Number of protein chains: 2
Amino acid sequence: MGKAYNVMAATCPSRTVLHRIGARWTVFVVNALDDGPRRFTDLKAHIQGITPKVLTETLRSLEADGLISRHEYAENPPHVEYALTPLGRSLLVPLRAVRLWAEQHVPAIEAARARHEKDADDEV
Amino acid sequence: MGKAYNVMAATCPSRTVLHRIGARWTVFVVNALDDGPRRFTDLKAHIQGITPKVLTETLRSLEADGLISRHEYAENPPHVEYALTPLGRSLLVPLRAVRLWAEQHVPAIEAARARHEKDADDEV
DNA sequence: CCGGATCCAAGACGATACTG
DNA sequence: CAGTATCGTCTTGGATCCGG
């Protein structure tokens, strides 16, 4: 029995999964829930620059895929908490690594870009 | 001395890095170079469904960021090879994990989507 | 507090044809 | 073989305002 799924295959269902993971804000939301449940406004404040509309869309998508859970308390004013499901926590492992990689390699990337920029100039 | 970079901050340079990593085809190209250098046509065949234009754009971006190297042999017909740089190989580690996660959790995601679909129907 | 509704802009992505 | 050129589409995402 070989591998069941392969993202390199055009019609493999894993591509839709990858597409969801790769969505612009998924890595932010999943990482933001790393240290426990958070409320909507809390998430919005933590993930700087995200708009309420996009945050809502992202949360709904992740909920549909079973990566986060939404718990609504019957209070007024409203009180809603989002948390990672076990499946979401398993995704957190690679996504945390991606986040860390991005944060740790900023200087290397910027240096490469500067070098590339310079090479382009030299060719003129 | 605290952490230098934080993707949660709106203006942090790590966001541009994350944006590049998150580009639709980055994870495919980096993973495709996992087991050694490949030629353009080889990549295109391996990453099913990618168009030459998009593949070129992705390769150029990754090259500009110092993640892959492009080696051109002075032959006719043309012979060009792409390979991961050390920096690119360091990115391969988390991106390979992302790819594996996507491939391994297809059934879980599909089950969650079906459940979600059913819940939506039940509310009607 | 937690969103929903609406409108709009950008750019990513795709299809196709062509060339050194 | 390894791309370019062109064009069109179409999904994302952003801005803003409103409502339960």
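Please read these numbers as outputs of a predicted model, since none were measured by experiment. Note: hydrogens, waters and symmetry copies are ignored here, and every other heavy atom, side chains too, is used. Lettering of chains follows the sequences in order, A, B, ..., and the numbering in each one begins at 1.
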Quick check against the 3.5 Å criterion: does [X] have a side-chain atom that pairs as donor or acceptor with the backbone of [Y]?
X        : Y       : result
B/Thr85  : B/Gly66 : yes
A/Thr26  : A/Arg20 : yes
B/Glu103 : A/Val7  : yes
A/Arg15  : A/Met8  : yes
A/His79  : A/Glu75 : no

Nearest-nucleotide comparison on DNA chain D, the residue closer to the 5′ end among A/Pro52 and A/Ala23: A/Ala23
Rounded to whole angstrom units, what separation is found between the [atom1] atom of [X] and the [atom2] atom of [N]?
X       : N      : atom1 : atom2 : result
B/Arg60 : C/dC13 : CZ    : C1'   : 18 Å
B/Glu72 : D/dG3  : CD    : C1'   : 10 Å
A/Ile50 : D/dT12 : CD1   : P     : 15 Å
B/Lys44 : D/dG3  : NZ    : C1'   : 10 Å
A/Arg20 : D/dG13 : CZ    : P     : 11 Å
B/Leu43 : D/dC1  : CG    : P     : 13 Å
B/Asn76 : C/dT19 : CG    : C1'   : 13 Å
A/Ile47 : C/dG3  : CD1   : P     : 13 Å

What's the closest nucleotide to the [X] side chain, out of [options]?
X       : options               : result
A/Tyr82 : D/dA2, C/dA15, C/dG3  : C/dG3
B/Arg70 : C/dC13, D/dG3, D/dG13 : D/dG3
A/Thr51 : D/dG3, D/dG14, C/dA12 : D/dG14
A/Trp25 : D/dG14, C/dC1, C/dG3  : D/dG14

Within the pair [X] and [N], is there a side-chain N or O less than 4.0 Å away from OP1 or OP2?
X       : N      : answer
A/His19 : D/dT12 : yes
A/Arg39 : C/dC2  : yes
A/Arg24 : C/dA10 : no

Measure distances between side-chain N and O atoms of B/Lys53 and base N and O atoms of D/dG3, and say whether any donor-acceptor pair falls under 3.5 Å. no
Go nucleotide by nucleotide along DNA chain C from the 5' end; which of A/Asp42 and B/Gly22 gets its closest nucleotide reached first? A/Asp42
A/Pro78 vs A/Glu57, nearer the 5' end of DNA chain C by closest nucleotide: A/Pro78
Checking all strands, does A/Pro77 fall into the base, sugar-phosphate, or nothing category for heavy-atom contacts under 4.0 angstrom? sugar-phosphate
